[in-house]
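Okay, structure first, notes after.
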Amino acid sequence: MARFEPCHGKNACRDTGERCLTCGRESSEIARLRASIDALANLAMDYGYDNSEEFATYVARKLFKTIAHRREELP
């Protein structure tokens with residue numbers, strides 16, 4: 001299983017076009033994660049949530065549980 005390496009910030013990113021030389025993640029992975037975060041931020045904005053910290057905490061908790069559940073289902 002791979003280990004996630006968080007982004008060190010756009011200013012630290014050294015992109016080869018295929019992967020970041022700082023965090024080592026593929027450019028396509030970085031783009032997918034950014035798009036997912038953007039979609040969640042848009043959801044919060046579209047519904048006018050003023051408690052964004054609670055929303056983010058909920059999403060993180062549900063994501064962790066969903067990943068754990070899916071790993072349990074693997075053969």
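No experiment lies behind these values; they were computed from the predicted model shown. Starting from 1, each residue takes its place in the sequence as its number. Side chains are part of it too, since the values below use all heavy atoms of this structure and drop only hydrogens, waters and symmetry mates.
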>> Quick check: is Leu40 connected to Met45 through a chain of hydrophobic side chains (ILVMFWY, heavy atoms under 4.5 Å apart)?
In response: no

> Taking the hydrophobic residues Ile, Leu, Val, Met, Phe, Trp and Tyr, and joining any pair whose side-chain heavy atoms are under 4.5 Å apart, which ones share a cluster with Phe64?
Replying inline: none

> Where do Pro6 and Cys23 come nearest, in terms of heavy atoms and distance?
Replying inline: O-CB, 3.8 Å

> Val59, Ile37: one ILVMFWY side-chain cluster at the under-4.5 Å cut-off?
Replying inline: no

> Can you tell me how far the CG atom of Leu33 sits from the SG atom of Cys7, to the nearest 0.5 Å?
Replying inline: 9.0 Å

> With a 4.5 Å heavy-atom cut-off, do Thr66 and Arg70 have their side chains touching?
Replying inline: yes

>> Is there a continuous path of hydrophobic side-chain contacts, each under 4.5 Å between heavy atoms, that joins Phe4 to Ile30?
In response: no

> Taking only residues two or more places apart in sequence, or in another chain, which ones meet Leu21 in a side chain to side chain contact (heavy atoms under 4.5 Å, CB included)?
Replying inline: Arg14, Thr16

> Within the side chain of Arg25, is there an N or O that forms a donor-acceptor pair under 3.5 Å with the backbone of Cys20?
Replying inline: no

> Within a reach of under 6.0 Å around OH of Tyr49, are more than 12 heavy atoms found that belong to other residues, nucleotides or ligands?
Replying inline: yes

